[in-house]
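Each chain gets a letter, A, B and so on, in the order its sequence line appears, and its residues count up from 1. On a predicted model such as this, the values are computed, not experimentally measured, just so you know.
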2 protein chains.
Amino acid sequence: METGVTSDSPSKAARATTLSDVAAAAGVSMATASKALNGKRGVNPSTRARVEQAAQDLGFYPNQQARSLMFGRSGSIGLLTTDLEGRFSLPILAGVESALRDGEAVAIMANASGSAEMVDRHVHALLSRRVDGIIYVARGTEPVLPLPDSIKVPVVYAYGPSTDADDVSIVADHRGCGRLAVDHLIDVGCRAIAHIGGPDDPATIGYMAARLRARGTLDGLAARGMDPVLNRPLFGDWTEAWGWEAVEQLLARDVEFDGLVCANDQIARGAIDCLAARGMRVPTDVAVIGFDNWAPVAQTARLPQSSVDMNLDELGRVAARAVLDPDGFPQGSTRVAGRIVARESTAHASLSTP
Amino acid sequence: METGVTSDSPSKAARATTLSDVAAAAGVSMATASKALNGKRGVNPSTRARVEQAAQDLGFYPNQQARSLMFGRSGSIGLLTTDLEGRFSLPILAGVESALRDGEAVAIMANASGSAEMVDRHVHALLSRRVDGIIYVARGTEPVLPLPDSIKVPVVYAYGPSTDADDVSIVADHRGCGRLAVDHLIDVGCRAIAHIGGPDDPATIGYMAARLRARGTLDGLAARGMDPVLNRPLFGDWTEAWGWEAVEQLLARDVEFDGLVCANDQIARGAIDCLAARGMRVPTDVAVIGFDNWAPVAQTARLPQSSVDMNLDELGRVAARAVLDPDGFPQGSTRVAGRIVARESTAHASLSTP
DNA sequence: CTGAAAGCGCTTACAG
DNA sequence: CTGAAAGCGCTTACAG
């Protein structure tokens, strides 16, 4: 649509405002303009004001690429992930992003959906953008092969640690979280606690978390001088169906229990549904807690479920700090603690004195 | 740990290999090295080979920042989102990312968790990185205020369209998807179909989608010459609890139905659970389909649920293409079609002849 | 086919 | 306090 604007020089639209435009507008040299805009001292206040005004008027954004060329750092870090679904990586990315923001850095995404070749290409792309570091979020909790060490920038492994103990890895404290879950159940009055685990098969994604969470439950019970309801946790997979079946197994074995630690929220959901179907009340008869605090399941279920939040957000923030200051971080795995999010499924009216 | 390596010059580690390093190693000028590496013609094959070898040996990655300075394009595009949870934005981002990758471009994330001021800062950060374009993924399906048009690079609005019809927006075809859902239910043999909607309150996130999906259901019914079970769809919110309650309402009204279109997967889940609790079999007595094909709910439920996948991935890819080639795209909203993902909840043995 | 020179947009010593 | 010059790493006409 033709409007009144007549001589809107086409080159104007094509080209972003540059420092020399600003300098010209303010009637100073580029050097002075640069100093003024960067708050360097030794610039006449009135000159500075003039330059700032000009920059404002022209909508000037300094070209970071040019600046990085000088500084040798790009102020961006690469976020390499192989976790397609993003279930775990997304909260981590969000954490990274927020921490970077404080340091004025920016995250460049690279989603390598699996193949080693893809990882390579993405590392290449990241490196050629001169990222100041790379955070690698692999698919699961299992240790991952480190990236080629020809990479000269700091690499931090998040969630799944590197198999190389010399690398810096930031992981979730699955085992510690198992203890938290038990403590919570005991605190709301449970006296007979069983653990329904995830997969016990090393080939399965998340196997490591399943083991550690189960271990943590046993730790927690032992610390409080209690025996688990079963001498061996039940292991299955990560699904609702398994949670349901596990409860049926418990019921069939005719053991008594009033608390269930389920290795994730979906298992917890299945367990809760099965208990309800069998006429048991949650949380009155049995309190149930899961892991991951995954909103779509734990929070939006008809019976809101208590869960151990793995603090993935914080994990991301820590990873960002680590990649920005690798020397300030210990090699090996740094564990980030989780926290209890209590909801209906453990809202026991605590049994008072026994 | 001290190893055999003695004179590993420290500056080597600090500084990435540069084109002039490569040129020196290959014994040619930078100009020639550059041409050789970029596959320009007019370079002696043996020279080219020598340069390539040197680049390989030295682990050379061309500095994109320097290249962009010349080309005037950075090969990166900004991904601005306000959808914290990432429920809808993540699949879109994945799509964008994959499409960009084909064009060798890269995505820079910027998660503005809401405030307009944050959006501003992030736009600023993106622009100073000289992104070639911005894809804005807002929180919901509602139209969003356009970014300031002082922005000189192409902006594409994804999922939630811009309120300005002159902007390029790529949205999901909620209404068309409603038709798809109905067609599917009819195809599996349903003859009495009700719609359980989302929120009817314009102030609620996703309200637009709720309306359009309901409209689509009515469209679909009309197209097949059928009346909806209720003359007005039920509206509530996006939760399981609402799905459950809606079914109770239907049952209370004593209407007959054998098919349910639920405005999202969680509503569908609640509906299915309620039907089961009331002794009705899904899908034998009632087939149920939801929207979003959200894996954690639709796919992992004990009864896997059919759903209309909004093809958010494709939406992201289209958005990426649009931002890379804005003139090739129409102003206003481009709708991306969805698709049916059939699972147990609609696995009707189709009624044969009536 | 090869290379010296200029330039992309900015910053930083170094003189004035 | 201000500005001319050199340089960050690369590419592209332009001579040779």
Quiz item: Would you say T47(A) reaches dC1(D)'s phosphate, i.e. side-chain N/O to OP1/OP2 under 4.0 Å?
Solution: no
Exercise. State, yes or no, whether a side-chain contact exists between L19(B) and S34(B) at a heavy-atom distance under 4.5 Å.
Key: yes
Identify all side-chain donor-acceptor contacts of residues 90-99 of chain A below 3.5 Å with residues at least two apart in sequence or on another chain.
residue	atom	partner	partner atom	Å
E97(A)	OE2	R101(A)	NH2	2.8
E97(A)	OE2	N111(B)	N	3.2
S98(A)	OG	G95(A)	O	3.1
S98(A)	OG	R317(A)	NH1	3.4

Quiz item: How would you list, by chain and number, every residue that makes a salt bridge (charged side-chain N to carboxylate O under 4.0 Å, His left out) with R48(B), sequence neighbours excluded?
Solution: none
Self-check item: Plane angle bin for F88(B) and Y159(B) - parallel if under 30°, tilted between 30 and 60°, otherwise perpendicular
Solution: parallel
Quiz item: Can you name the residues that form a ring pair (Phe, Tyr, Trp, His ring centres under 6.0 Å) with F60(A), not counting sequence neighbours?
Solution: none
Quiz item: Which nucleotides of nucleotides 9-16 of chain C have their base under 4.0 Å from a protein heavy atom (B), which only their sugar-phosphate (S), and which neither (-), written as one string 5' to 3'?
Solution: BBBBB---
Quiz item: Is there side-chain contact between Y157(A) and V144(A), with at least one heavy-atom pair below 4.5 Å?
Solution: yes
Quiz item: Side chains of E52(A) and Q56(A): does their closest heavy-atom pair fall under 4.5 Å?
Solution: no
Quiz item: How does DNA chain C look in dot-bracket form if you count Watson-Crick and G-U pairs under 3.5 Å, write [ ] for pairs that cross, and put | where a base pairs with another strand?
Solution: |||.||||||||.|||
Quiz item: Which residues pass the salt bridge (charged side-chain N to carboxylate O under 4.0 Å, His left out) test with R73(B), sequence neighbours left out?
Solution: D132(B)
